[in-house]
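All remarks here apply to the structure that follows.
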Amino acid sequence: MLWQSVVGKLWFTILLLVSAVLAILMVLLLQSLEQFNLKEAETQLQKHTTMVASIYEEHGNEPNRSEMIRQYGENFNINIAIFEDGEKSWGSENHLDVTLPPSFFLSDEELSTVIEDNQVVVKEGDFSGPSSGQAEIMVVGVPLAGQPGGGVFMYQTLSAFEQTSNETRRLVYLSAGIAIVLTTIFAFFLSSRVTAPLRKMRQAALEVAEGNFQTKVPILTHDEIGQLAIAFNRMRRELNRNIAALNQEKEQLARILSSMADGVMTFNRKGEVVVMNPPAERFFEDWRYEMEDQPHHTSNLPEEMSQLYLNVIGEEEEELIELVVQGRSWAILMAPLYDQKDVRGAVAVIRDMTEERQHDKLRKDFIANVSHELRTPISLLQGYSEAIVDDLAGTVEDQKELAKIIYDESLRMGRLVNELLDLARMEAGHTELNKDLVNIEEFSDRVLRKFQGYAKDDGITLTTHIEGDQPEFLMDPDRMEQVLTNLLHNAIRHTEEGGTVSLNVRLFENSIELDVTDTGSGIPEEDLPFVFERFYKGDKSRTRGRSGTGLGLAIAKNIISAHKGEVTVHSRMNKGTTFSIVLPRKPDHPSEK
């Protein structure tokens with residue numbers, strides 16, 4: 001710190017001495033100037049009062065006497081009150097915001113002597129009355145010659161005096177500030193020159209402490225300070241040689257750790273983290289974010305990890321645990337670290353197992369979902385086929401009805417298989433797009449017309465709104481129609497009678513945005529991250545008994561991705577859902593179709 005150095009102490013001593021002298025002089029000067037200004041204001045007001053008294057006495061009962069006195073008070077912004085025979089006979093008191101009542105002049109011990117004893121009185125104070133308010137006021141009273149019980153009182157606020165005092169105070173403060181600045185510059189320059197050699201030695205030592213071993217202390221003299229500089233330079237060279245070897249080994253270790261895909265961290269004997277690579281830091285960032293909602297959380301490590309460390313140190317054997325943090329699965333393998341024969345800490349390897357767990361879950365879910373989706377139509381096919389074979393359908397109409405059910409279920413199985421094949425091809429990157437310039441307005445109207453009858457039967461209102469210019473857009477109309485058909489069909493299925501489903505299109509220079517909005521039951525918050533997964537289905541109680549295969553949104557997302565676009569969803573329970581699609585206008589290749 002500056003005040004702990006020789007420069008700071010010398011500079012501060014000079015500055016403190018000059019500041020103390022300036023402060024004393026400034027206080028005395030301000031008091032003297034304020035007294036002078038106040039005395040000058042009293043003198044001026046007394047002169048004005050004497051002048052008004054002279055005008056009042058000399059002009060007698062002339063008609064213009066009152067007007068002359070009123071203009072006099074108005075010119076100098078002073079209120080005037082004239083008393084005759086102990087009562088107020090005339091006044092001009094509308095020039096100030098403060099007005100003193102006549103009783104004030106008669107009841108005040110000092111001011112009443114003007115009327116009673118024919119004395120000139122000057123008084124300042126913080127006066128207040130029922131109509132005067134409260135303010136710092138200067139009052140001057142002068143008796144009227146030859147008028148017993150007569151006197152002229154003039155009063156004004158001390159605001160003008162305060163302005164003069166403030167201006168004077170500002171000039172004094174400015175002068176003191178300039179003096180302090182000049183003293184500071186002079187004192188700092190003097191102390192710096194005196195302590196320059198020591199500061200050079202100090203700066204060189206700090207640079208070496210920060211790792212700059214190329215710094216060399218200049219040898220200016222051959223006395224004790226010169227010998228100290230020679231010893232310092234020798235120490236610097238040895239430190240530079242040893243630190244270079246250590247940094248080389250440390251850099252090799254850091255590169256190995258930073259290039260690892262798994263997280264690595266080491267602990268000392270006290271359980272404190274010593275080394276941590278970037279993957280391990282990402283794990284702890286997720287864990288700290290998750291722990292923000294825990295009011296009693298004080299540990300720097302997950303509780304399971306702390307217990308794992310204690311087990312490893314106590315049993316001196318490696319152990320493995322698996323944690324779930326922010327929805328991701330992490331496997332932690334910890335082993336003891338030895339210092340010759342004693343355990344000096346532990347090393348932990350943290351691997352993100354989320355994808356492996358998700359792949360296992362997807363594989364299991366895929367088999368279970370496909371089995372579930374195929375079980376119902378196969379059971380129906382088998383049951384109704386057996387009914388036909390066993391001649392349980394007695395009439396031709398019954399046989400046709402059973403055959404139609406078998407046909408419908410076979411179509412359902414075909415759609416499921418085709419959607420699975422399409423989804424597999426898309427996820428494998430084999431999506432073929434037949435792009436063409438499409439008029440968005442005509443395209444939107446054509447898609448909505450498909451659902452007008454369907455929506456009318458359910459009592460749902462279909463609306464569309466298009467904003468912007470440049471309606472021509474390059475895309476695959478069949479694929480995009482498949483996406484909007486799926487979104488509009490889902491919106492109608494999840495909207496109750498009397499609701500509204502809207503298709504809103506916004507055309508921009510570099511992109512196009514399509515929103516499918518409904519006023520239906522919405523999607524639960526916990527289900528929002530999974531709506532684009534295969535076989536995801538909403539609660540059947542909100543679909544009015546018409547559930548699909550759960551592949552439509554997954555296919556829609558892949559189609560949008562093939563267009564280099566993005567699809568998102570926002571929903572609130574019982575408020576509605578909005579699916580937003582953003583497609584860029586710029587094609588992958590100028591000739592692409």
Side-chain angles (χ1 to χ4, degrees), residues 210-211 242-368 427-429 526 528-530 532-534 561:
E210 292 175 357
N242 295 330
I243 294 298
L246 291 175
N247 285 338
Q248 185 176 2
E249 295 181 2
K250 182 179 178 181
E251 184 179 357
Q252 292 177 353
L253 179 60
R255 289 182 178 179
I256 293 173
L257 290 176
S258 61
S259 62
M260 293 179 64
D262 296 336
V264 177
M265 56 189 306
T266 60
F267 303 86
N268 58 18
R269 185 68 185 182
K270 297 180 180 180
E272 299 171 345
V273 178
V274 179
V275 177
M276 183 186 301
N277 69 342
E281 291 178 356
R282 288 192 292 270
F283 164 76
F284 275 94
E285 287 176 0
D286 293 344
W287 175 75
R288 293 189 190 100
Y289 180 81
E290 189 176 83
M291 289 294 105
E292 286 181 356
D293 297 333
Q294 303 295 330
H296 302 293
H297 167 68
T298 57
S299 176
N300 294 325
L301 292 175
E303 183 178 352
E304 297 85 352
M305 200 168 182
S306 299
Q307 186 61 42
L308 179 66
Y309 171 79
L310 295 177
N311 295 339
V312 169
I313 295 298
E315 300 177 5
E316 298 187 9
E317 294 181 358
E318 67 177 28
E319 292 193 15
L320 174 67
I321 61 171
E322 189 164 332
L323 298 179
V324 177
V325 178
Q326 289 289 291
R328 304 190 68 83
S329 180
W330 301 85
I332 303 176
L333 177 64
M334 188 176 295
L337 284 176
Y338 292 93
D339 184 5
Q340 295 180 354
K341 295 182 179 180
D342 298 327
V343 176
R344 63 180 180 87
V347 59
V349 178
I350 305 173
R351 173 169 296 181
D352 188 354
M353 303 294 293
T354 306
E355 292 187 4
E356 286 81 354
R357 298 295 179 263
Q358 287 181 344
H359 290 161
D360 294 341
K361 184 178 182 300
L362 288 175
R363 183 168 56 253
K364 295 176 182 178
D365 290 347
F366 179 77
I367 296 174
E427 292 181 346
E526 62 270 14
L528 283 176
F530 311 105
F532 295 106
E533 291 187 3
R534 292 177 292 182
S561 298

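All figures in this text were calculated on a predicted structure; none of them were measured in a lab.
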Using 0.5 Å steps for rounding, measure from the [atom1] atom of [X] to the [atom2] atom of [Y].
| X | Y | atom1 | atom2 | value |
| --- | --- | --- | --- | --- |
| E317 | N311 | CD | CG | 10.5 Å |
| Q248 | I243 | CD | CD1 | 13.0 Å |
| R282 | N277 | CZ | CG | 8.0 Å |
| D342 | L337 | CG | CG | 13.0 Å |

**OP:** Run the numbers on N268 and E272 for side chain to side chain donor-acceptor pair (under 3.5 Å), then give the verdict.
**Re:** CA-CA 6 Å; N268 58 18; E272 299 171 345; 3.1 Å; yes
**OP:** Would you sort out whether V275 and V264 count as a side chain to side chain contact (heavy atoms under 4.5 Å, CB included), showing the intermediate values?
**Re:** CA-CA 8 Å; V275 177; V264 177; over 6 Å; no
Original post:
Would you say K250 and L253 make side-chain contact, with heavy atoms under 4.5 Å?
Top reply: no
Original post:
Heavy-atom distance under 4.5 Å between the side chains of L323 and F283, does that happen here?
Top reply: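 Result yes, sub-4.5 Å side-chain heavy-atom pair found.
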Subject >> salt bridge (Lys or Arg N to Asp or Glu O under 4.0 Å) partners for E251, two or more places apart >> reply: R255
Subject >> salt bridge (Lys or Arg N to Asp or Glu O under 4.0 Å) against E285, all qualifying residues, sequence neighbours excluded >> reply: none
On a heavy-atom basis, which atom in [X] and which in [Y] lie closest, and how many Å separate them?
| X | Y | answer |
| --- | --- | --- |
| L301 | M265 | CD2-CE, 4.4 Å |
| E304 | I321 | O-CD1, 3.9 Å |
| I332 | A348 | CG2-CB, 4.3 Å |
| G271 | Y309 | N-OH, 3.3 Å |
| P279 | M260 | CG-O, 3.6 Å |
| A346 | I313 | CB-CD1, 4.4 Å |

**OP:** Please step through side chain to side chain contact (heavy atoms under 4.5 Å, CB included) for the pair M334 and F267, ending with a clear verdict.
**Re:** CA-CA 10 Å; M334 188 176 295; F267 303 86; 3.8 Å; yes
**OP:** Step by step, work out the side chain to side chain contact (heavy atoms under 4.5 Å, CB included) result for D352 and W330.
**Re:** CA-CA 5 Å; D352 188 354; W330 301 85; 3.8 Å; yes
Subject >> Test item: R344 side-chain N/O and R269 main-chain N/O as donor-acceptor pair under 3.5 Å >> reply: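 Here the side-chain-to-backbone pair does not exist.
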